[in-house]
Amino acid sequence: MSRVLTDRELLHYLVLTRGVDPVALEHARMDRRRMHNFGRNAVLIAKGGIYDLRQHLDDVVLPVLRKWNMFEGNDFGPDGERCREELAVFLQSLEVKAVRFEESRDRALAREARRGETVAAR
C-alpha cells in the first residue's frame, strides 16, 4: 500500500511539474550531497523496481522536454542551439545508462532466482 501511495505522489508531482518553468524547477531540485546515503538508497530503490533511471527518463525528463518543445523549435539562436545539441548528447548517454542498468538488474535478479532455486532444492 505504501508503494501505491508513493506512486500516486510521484504521478501528482509529474503532473504539477509539467507546466512549471525550467528556472523554477532548478531551484526546487534535490541536492544529493546533503542526503545521507543518497547513492546507496538510490540503488536499493532501483533494484526494488520502485524508481529507476528508465522511469525517470521516460516518465519525467522526456515528457517535460516534449511539453517545452525543446527539440521542435527553431528560435534558439546559436547559444541555444549549442545547448540543445549538448542536451541531445546527454539524453543519449542517459539512454545508454538506462539500458545498462536494466541489463545489470536483470542479470542480478536471475542470479538471485537461481540461488533461491538451489536453496529450495536442498
Side-chain angles (χ1 to χ4, degrees):
M1 185 57 136
S2 64
R3 180 171 173 186
V4 171
L5 180 60
T6 303
D7 288 347
R8 282 188 180 170
E9 290 170 354
L10 176 62
L11 179 61
H12 182 70
Y13 171 78
L14 295 176
V15 169
L16 287 177
T17 58
R18 232 178 232 178
V20 174
D21 180 32
V23 175
L25 282 180
E26 178 67 25
H27 294 292
R29 165 178 81 155
M30 279 196 286
D31 186 357
R32 64 173 61 181
R33 293 174 304 227
R34 290 193 236 166
M35 294 179 68
H36 182 67
N37 289 331
F38 177 85
R40 180 178 185 279
N41 290 331
V43 169
L44 291 173
I45 288 169
K47 281 181 69 176
I50 297 169
Y51 195 71
D52 60 27
L53 185 55
R54 167 64 58 209
Q55 290 168 308
H56 184 66
L57 181 61
D58 292 349
D59 298 339
V60 180
V61 175
L62 294 178
V64 169
L65 293 176
R66 277 192 296 275
K67 175 74 174 169
W68 293 337
N69 295 317
M70 190 59 66
F71 294 103
E72 287 79 26
N74 58 3
D75 57 345
F76 286 102
D79 288 338
E81 189 60 39
R82 181 183 46 76
C83 290
R84 183 164 54 177
E85 289 169 5
E86 289 175 11
L87 178 61
V89 169
F90 176 74
L91 291 173
Q92 288 173 348
S93 72
L94 281 182
E95 176 64 31
V96 168
K97 289 177 183 176
V99 168
R100 283 183 189 154
F101 172 78
E102 290 169 327
E103 290 169 349
S104 176
R105 181 184 56 200
D106 292 346
R107 285 191 305 270
L109 291 173
R111 276 192 307 271
E112 288 176 16
R114 284 192 303 271
R115 283 187 206 133
E117 290 172 3
T118 303
V119 171
R122 290 183 187 177

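When the side chains of ILVMFWY residues are joined at heavy-atom separations under 4.5 Å, either directly or via intervening members, Leu91 and Trp68 end up in a single hydrophobic cluster. Residues Leu65 and Leu53 fall within the same hydrophobic cluster, defined by Ile, Leu, Val, Met, Phe, Trp and Tyr side chains chained together at heavy-atom separations under 4.5 Å. Hydrophobic clustering (ILVMFWY, side-chain heavy atoms < 4.5 Å, transitive): Ile50 and Phe101 are in distinct clusters.
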Using residues 70-82 as the side-chain source, report each donor-acceptor pair under 3.5 Å to any protein atom, sequence neighbours left out, with the distance given to one decimal.
residue : atom : partner : partner atom : Å
Glu81   : OE1  : Arg84   : NE           : 3.4
Glu81   : OE1  : Arg84   : NH2          : 2.5
Arg82   : NH1  : Glu86   : OE2          : 3.0

Would you be so kind as to tabulate the donor-acceptor pairs closer than 3.5 Å made by side chains of residues 102-110, with sequence neighbours excluded?
residue : atom : partner : partner atom : Å
Glu102  : OE2  : Arg54   : NE           : 3.1
Arg105  : NH1  : Asp52   : OD2          : 2.6

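Using a 4.5 Å heavy-atom cutoff, the side chains of Tyr51 and Asp59 are not in contact. Side-chain contact between Val99 and Glu95 is present, with heavy atoms from C-beta onward closer than 4.5 Å.
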Check: Do Val96 and Gln92 pass the side chain to side chain contact (heavy atoms under 4.5 Å, CB included) test, and can you show the C-alpha distance, the side-chain angles, and the key distance before you say yes or no?
Finding: CA-CA 6 Å; Val96 168; Gln92 288 173 348; 5.8 Å; no
